[in-house]
2 protein chains.
Amino acid sequence: MAEGNDSKRQGTGDLEHPRTIEWLGDRVRLIDQTCLPGRLVRKEITDYRELAESIRRLEVRGAPAIGVAGAMGLALAGLESEAGDFEELLRDVKEAAEHLAGTRPTAVNLRWAVDRVLRSATSEAGGDPEALRAALVDEALALTEEDRELSRSIGRHGAALLSDGDTVLTHCNAGGLATAEYGTALAVVYAAVEDGKTISVFADETRPLLQGARLTAWELGERGIDVTLLVDSAAASAMSRGWIDKVIVGADRIAANGDVANKIGTMPLALSARRFDVPFYVAAPFSTLDAGLASGSEIPIEERSPEEVTTFGGVCTAPEGVRVYNPAFDVTPAGLVSAIITDSGVFRPPYGETLFAGGRGGRA
Amino acid sequence: MAEGNDSKRQGTGDLEHPRTIEWLGDRVRLIDQTCLPGRLVRKEITDYRELAESIRRLEVRGAPAIGVAGAMGLALAGLESEAGDFEELLRDVKEAAEHLAGTRPTAVNLRWAVDRVLRSATSEAGGDPEALRAALVDEALALTEEDRELSRSIGRHGAALLSDGDTVLTHCNAGGLATAEYGTALAVVYAAVEDGKTISVFADETRPLLQGARLTAWELGERGIDVTLLVDSAAASAMSRGWIDKVIVGADRIAANGDVANKIGTMPLALSARRFDVPFYVAAPFSTLDAGLASGSEIPIEERSPEEVTTFGGVCTAPEGVRVYNPAFDVTPAGLVSAIITDSGVFRPPYGETLFAGGRGGRA
């Protein structure tokens with residue numbers, strides 16, 4: 001193994017969490033994730049169209065983070081508009097909302113965040129344009145703060161599952177870079193470290209887009225947490241050697257029976273974890289639970305462009321025209337999941353009524 | 001999925017198998033695999049040092065293929081030497097043998113092939129330098145022909161396991177490019193197609209070195225066989241959809257109890273195959289069986305350079321200095337293997353005494 005980054009390891013206490021995206025009074029500052037891990041570039045943006053372009057180019061990515069970006073984009077749109085009366089301003093802001101939400105049409109969270117900020121701010125403004133401008137900023141900040149609190153809450157609930165000295169294997173990037181700052185799967189690691197536990201992480205590189213290599217390895221290193229990178233298919237080997245104490249992954253959608261849709265490669269990871277008796281945890285906002293889906297077989301699986309697999313950095317790595325199967329997600333059967341860690345607590349199978357107790361679940 | 005290559009699909013009858021490496025009377029011609037899949041470049045080589053360099057640069061790779069290359073390199077060395085007397089020629093050839101065998105020090109097969117050609121030719125030559133030159137060529141050709149016959153034999157034994165219309169998933173490149181022309185795992189596919197069966201193949205890209213994307217997809221396409229490329233971690237997803245009828249992989253070493261060491265990622269593939277009731281076959285020369293190893297836990301696993309994982313085409317894709325776990329192989333427990341297909345027949349567990357009946361097994 002190559003040299004690690006132990007020199008940066010922190011002791012107990014709070015870690016420094018770089019803010020993926022933040023509001024600076026009249027502008028947005030975000031980490032351009034397309035430059036990672038080579039360079040840490042922070043961009044300042046004052047035009048909502050430029051922010052929309054950042055979302056489209058994946059400079060900011062991860063469902064919670066792009067929800068926050070969309071909300072801040074609306075706040076920018078309010079400040080940018082020169083409209084003097086309420087209706088005119090509202091028209092400008094609604095146009096911005098469509099523009100922002102259209103950048104990643106399949107990202108349910110983005111549309112949800114933009115709609116929520118628009119609706120709340122409009123109802124609070126009472127017909128006054130300056131009040132609308134202020135309310136858009138306030139709502140965007142409230143949503144950002146909620147995202148931070150939600151991640152912290154996932155972290156607190158999950159941290160109890162980790163023991164001092166544990167090595168955690170994770171897949172893709174369910175970390176601070178996918179949220180405003182703290183993450184979902186990695187929030188559990190961060191909270192455990194902030195509790196004073198020593199935790200090491202094995203990060204799957206996560207083909208085809210290498211979010212694990214580019215983003216997870218970077219953000220763990222930044223926080224001084226010991227990280228080892230491996231190709232996705234080597235995870236089972238690491239487990240077979242007894243090196244992995246727990247697997248923690250994020251989730252894109254969770255069905256009512258507990259089946260989990262997440263980044264492609266999650267399901268074989270769960271099979272390996274079962275084989276080698278490694279607990280397999282899923283960490284996600286409670287809003288990821290979709291009570292409207294009876295099981296994972298109802299979750300639509302997006303197939304992405306063949307070029308993600310056949311080219312790399314512009315270089316063709318496969319025969320021209322070869323057929324490609326490139327699903328973005330797979331479905332892990334509930335029976336392979338040891339527990340689901342949410343901001344509302346930790347749920348263990350058999351879930352029965354507990355997972356959706358009180359009629360909750362599913363994003364409004 | 002992108003467009004396939006059905007237009008090139010052949011009917012029944014013999015496929016055209018490009019020769020990975022061949023002897024042209026006074027020189028060697030080989031496919032430079034470092035140019036695939038972009039360009040099909042054939043190099044002609046008259047100097048054994050140049051051939052050694054080709055082996056070192058992985059222009060020719062795959063244990064059987066580099067054994068053949070080493071043997072042909074000795075034949076070249078005999079022709080190149082200007083020595084007039086036997087002892088002088090033998091000294092030149094022995095020097096070449098060391099040079100060739102040293103190019104890939106861990107490749108047992110290369111050393112074995114070079115030693116065998118040198119020993120046989122020397123004993124046949126009877127002290128005559130011209131007879132030694134001729135015997136070196138004859139022995140290299142005999143070894144090449146044996147490799148072809150061995151691959152054909154694996155194909156014949158395995159083809160009976162495939163049904164018309166089957167889709168086979170494979171990992172890495174255990175194909176014609178790894179042998180003189182026909183392969184091991186892919187030999188089974190080729191033999192079935194030559195028997196008139198329609199077979200489709202899903203090829204894992206095989207990180208980190210992408211032998212599946214670069215080589216397997218290419219050689220199947222060249223032979224007009226329908227091929228679909230996927231990232232390694234999507235194989236389980238394809239199986240869960242019921243698309244895969246059989247998995248066939250090669251092997252680097254097989255222990256006496258039937259445990260199989262093969263390219264990293266083989267073991268999780270076997271776990272997925274078991275989960276989705278897909279037969280999992282290993283195809284390899286009988287000489288891959290190592291009677292001296294009681295179980296897979298005794299097989300040493302080579303760890304390779306971190307750069308294979310952290311860079312791609314010269315571009316850094318992970319944080320500088322990140323620790324990397326990069327094992328070249330994993331071990332698939334015998335219990336997950338449906339059958340082992342060899343040139344000596346098909347063996348099914350429990351192997352008991354059958355796998356090494358007659359005291360065979362292990363390369364001399």
Do B:D226 and A:R323 come close enough that some side-chain heavy atom pair is under 4.5 Å?
yes
Taking all non-hydrogen atoms of both residues into account, name the closest pair between B:V322 and A:A217 and its distance.
CG2-CB, 4.3 Å
Please flag which part of B:A238 lies under 4.5 Å from any non-hydrogen atom of chain A: side chain, backbone, both or neither.
both
Which portion of B:S240 sits near chain A, non-hydrogen atoms under 4.5 angstrom:
side chain
Are any non-hydrogen side-chain atoms of B:L229 and A:V309 less than 4.5 angstrom apart?
yes
Heavy-atom closest pair, residues A:Y325 and B:L230
O-CB, 3.5 Å
Evaluate the side-chain contact (heavy atoms from CB on, under 4.5 Å) criterion for residues B:I264 and A:S237: first the C-alpha distance (whole Å), next the side-chain angles of each, then the deciding distance (0.1 Å), finally the verdict.
CA-CA 8 Å; B:I264 188 71; A:S237 167; 3.7 Å; yes
Less than 4.5 Å to any heavy atom of chain A: does that hold for the side chain of B:R214, its backbone, both, or neither?
both
Does any heavy atom of chain A fall under 4.5 Å from the side chain of B:D232, the backbone, both, or neither of them?
side chain
Output for pair (A:N326 CG, B:E205 CD), nearest 0.5 Å, gives 9.5 Å
Cut-off 4.5 Å, heavy atoms of chain B, and the answer for A:T266 is neither
Please state whether the side chain, the backbone, both or neither of A:P327 comes within less than 4.5 Å of a heavy atom of chain B.
side chain
So which part of B:R39 gets closer than 4.5 Å to some heavy atom of chain A, the side chain, the backbone, both or neither?
neither
Can you give me the closest heavy-atom contact between A:S272 and B:P268, atom names plus distance?
OG-CB, 4.1 Å
Which atoms of A:D330 are under 4.5 Å from chain B, going by heavy atoms: the side chain, the backbone, both sets, or neither?
side chain
Interface check, chain A: of B:A235, B:S233, B:S297, most non-hydrogen pairs under 4.5 Å belong to B:S233
Kindly give the heavy-atom pair with the smallest separation between A:P333 and B:R275, and that separation in Å.
CG-NH2, 3.6 Å
Closest heavy-atom pair and its distance - A:A318, B:P37
C-CG, 3.3 Å
Counting only non-hydrogen atoms closer than 4.5 Å, does A:L336 touch chain B with its backbone (N, CA, C, O), its side chain (CB onward), both, or neither?
side chain
